[in-house]
Amino acid sequence: MKRAPGLALKTLALRIPAVLAIPALAVPALLFAGSMRAADAPVVVTSIKPIHSLVSAIMQGVGEPELIVDGSASPHTYSLKPSNARALQEAKVVFWVGPNLEAFLEKPLEALGSNASVVELENAPGLTKLPFREGGAFEAHDDGDHETAAADGHGHEAAGTGHDDGHGHEENHAHHDDHEEHEHGHGAFDTHLWLDPMNAKAMAAVITTTLAAADPANALTYQANAKALDDKLIALDKKIAATVAPVKDKPFVVFHDAYQYFEHRYGIRVAGSITVSPETIPGAERVSEIHRKVGELGATCVFAEPQFEPRLVKVVIEGTSAKSGVLDPEAATLKAGPDLYFTLMRGIADSMKACLSSA
């Protein structure tokens, strides 16, 4: 396997499909040419739905990437299937966040040898990386933390204005980018990187460069698609900032600590999480503590996630004035495709606004 963090990429050999005998005028020439271009594209495999969505958007008109963690599955608890293993064996390019999130992929990717270029998007230049919150629940969410975020230009005001070029947010956090060494499981940084649209923009740049190197014949298409994607991400960033602005000061609790990038980008106030990681189900003492804290802090909403046990949320809000809602940070309920990322991010913002506005 050749691992290609950042922009150190390998030009990949393309597979030439056999020419099939097709009766004259059986299909329009334009349609035939389009199908040949798609067949010529390298086999691309992606790990999770948000990454698949970004790659799909850039590959539109050329081909479609494969997806490993499909349906309602979560990378936190996923086991590789035989069909996934076959897809990886055929891949010329693999995009994943990295071993800190998709630990189940590390050994299979190491076994690929030099046939595939493997891109760890957690190493993309320009990413904002936030430290993993070991304490998880309430201690890491105090007012001082949010004041720092606002001072760094990551509150709602910064997200909603002055970001037409999409770079201000990235430059302010250059000191978070030097994470060359990986710590497995929950390492030095939070791996839910895609929950900031400017991080998605940074990852899209690496995806574009990788695909153009692997498939020079379609490089111009990838680059044009990437430009359109960048414009949509900047517009999405402004839309989300406007959506959550009326409720960003209302405290709420989430199922697991996955939303730090969303919090930091838009200056919203998360009071805590039921669990630090969905791999670890909290015990009775932990649930009891959070139930007590919800009442003390006046948390207005407690958000579940569709692929994890909703009963815990019911226990946490029982006897309090808090309402319940659902957030879907990994797009468990959404259909994979180029529009998924935008549906995912708008859905989080809309769910927050709906629950917090009614509380």
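All values derive from a computational prediction rather than experimental measurement. The first residue in the sequence is number 1, and the count goes up from there.
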Tell me, do His291 and Val315 make a side-chain contact under 4.5 Å, heavy atoms counted? no
Roughly how far, to the nearest 0.5 Å, is CG of Leu121 from CD1 of Ile207? 5.0 Å
To the nearest 0.5 Å, atom CD of Glu120 lies from atom CG of Leu109 at 8.5 Å
Would you check, one step at a time, whether the test side chain to side chain contact (heavy atoms under 4.5 Å, CB included) holds for Phe342 with Lys239? CA-CA 11 Å; Phe342 297 89; Lys239 174 66 174 176; over 6 Å; no
Would you call Lys201-Asp196 a salt bridge at under 4.0 Å N-O? no
For residues 339-352, which residue pairs qualify under salt bridge (charged side-chain N to carboxylate O under 4.0 Å, His left out), counting only residues two or more places apart or in two chains? Lys232-Asp339
Does Leu101 offer a backbone N or O that forms a donor-acceptor pair with the side chain of Thr191 under 3.5 Å? no
Closest non-hydrogen atom pair between Cys301 and Ala322, with its separation: N-CB, 4.4 Å
Would the His76 and His192 ring centres measure less than 6.0 Å apart? yes
Do Ile317 and Val326 belong to the same hydrophobic cluster, where Ile, Leu, Val, Met, Phe, Trp and Tyr are linked whenever their side-chain heavy atoms lie under 4.5 Å apart, directly or via other members? no
Testing the basics here: between Cys355 and Gly325, what is the closest heavy-atom pair and its distance to 0.1 Å? SG-N, 4.3 Å
Between NZ on residue Lys49 and CG on residue Leu67, distance to nearest 0.5 Å: 7.5 Å
Any Ile68 side-chain heavy atom under 4.5 Å of Thr46 side chain: no
Determine whether Asn225 and Thr208 make a side-chain contact, defined as any pair of heavy atoms from C-beta on separated by less than 4.5 Å. no
Would you call Glu330 and Pro75 a side-chain contact if the rule is heavy atoms closer than 4.5 Å? yes
Between Phe303 and Phe255, is the ring centroid distance below 6.0 Å? no
Would the distance check show the side chain of Asp328 and the main-chain N or O of Ala331 forming a donor-acceptor pair, the cut-off being under 3.5 Å? yes
Passes side-chain hydrogen bond (donor to acceptor under 3.5 Å, both in side chains), Glu305 versus His256? Steps please. CA-CA 8 Å; Glu305 292 179 22; His256 90 283; 2.8 Å; yes
For Phe104, ring-ring contact (aromatic ring centres under 6.0 Å, His included) partners two or more places apart: Tyr78
Does some side-chain heavy atom of Pro99 sit less than 4.5 Å from a side-chain heavy atom of Glu122? yes
Compare every heavy atom of Ser47 with every heavy atom of Leu105, then report the nearest pair and how far apart it is. CD1-CB, 3.8 Å
Side-chain H-bond candidate by donor/acceptor type, Tyr261 with Asn199, under 3.5 Å: no
Is it the case that one hydrophobic cluster holds both Val55 and Leu236, taking links as side-chain heavy atoms less than 4.5 Å apart, direct or via other members? yes
Donor-acceptor pair, distance only, cut-off 3.5 Å: does the side chain of Glu102 make one with the backbone of Gly98? yes
Say whether, by atom type as modelled, one donor and one acceptor occur between the side chain of Ser324 and the main chain of Val302 under 3.5 angstrom. no
Is there a donor-acceptor contact under 3.5 Å from the side chain of Ser53 to the main chain of Pro338? yes
With sequence neighbours left out, the residues meeting salt bridge (Lys or Arg N to Asp or Glu O under 4.0 Å) with Asp249 are none
Hey, what do you get for CD1 (Ile240) to NZ (Lys353), rounding to the nearest 0.5 Å? 13.0 Å
Kindly determine whether Asp237 and Arg265 satisfy salt bridge (Lys or Arg N to Asp or Glu O under 4.0 Å), including the steps that lead there. CA-CA 9 Å; Asp237 184 45; Arg265 182 71 189 168; 2.7 Å; yes
With Phe95 via ring-ring contact (aromatic ring centres under 6.0 Å, His included) - residues at least two apart: none
Look at the side chain of Thr209 and the backbone N and O of Ala205, then say whether any donor-acceptor pair between them is shorter than 3.5 Å. yes
Could you tell me whether Glu64 atom CD has more than 12 heavy atoms of other residues or ligands within 6.0 Å of it? no
Asp257 (side chain) donor-acceptor with Ser273 (main chain) under 3.5 angstrom: no
Compare every heavy atom of Val206 with every heavy atom of Pro125, then report the nearest pair and how far apart it is. CD-CG2, 3.7 Å
So Leu130 and His264, side chain to side chain contact (heavy atoms under 4.5 Å, CB included) or not? Walk me through it. CA-CA 9 Å; Leu130 301 176; His264 205 58; 3.7 Å; yes
Rounded at 0.5 Å granularity, tell me how far CD1 in Ile348 sits from CG in Leu344. 4.5 Å
Within a strict 4.5 Å, meaning less than it, do heavy atoms of the Val44 and Glu66 side chains meet? no
How close do Ile48 and Trp194 get, heavy atom to heavy atom, and via which atoms? CD1-CZ3, 3.6 Å
Going by heavy atoms in the side chains, are Lys335 and Leu340 under 4.5 Å from each other? no
Val119 side chain reached by Val94 side chain, heavy atoms, under 4.5 Å: no
Quick one: do Met352 and Ile268 satisfy side chain to side chain contact (heavy atoms under 4.5 Å, CB included)? Show the steps, please. CA-CA 10 Å; Met352 286 183 179; Ile268 61 177; 3.6 Å; yes
Phe262 meets the ring-ring contact (aromatic ring centres under 6.0 Å, His included) criterion, sequence neighbours left out, with Tyr266
Kindly indicate, with the supporting measurements, whether the criterion side chain to side chain contact (heavy atoms under 4.5 Å, CB included) is fulfilled by Phe252 and Leu356. CA-CA 8 Å; Phe252 59 93; Leu356 295 171; 3.8 Å; yes
ring-ring contact (aromatic ring centres under 6.0 Å, His included) pairs, two or more places apart, involving residues 226-251: none
Out of curiosity, Met198 CE to Asp230 CG, how far, rounded to the nearest 0.5 Å? 8.0 Å
If you measure only the distance, is there a donor-acceptor pair under 3.5 Å linking the side chains of Gln260 and Asp190? yes
Give me the atom names and distance for the closest heavy-atom approach of Leu195 to Ala258. CD1-O, 3.1 Å
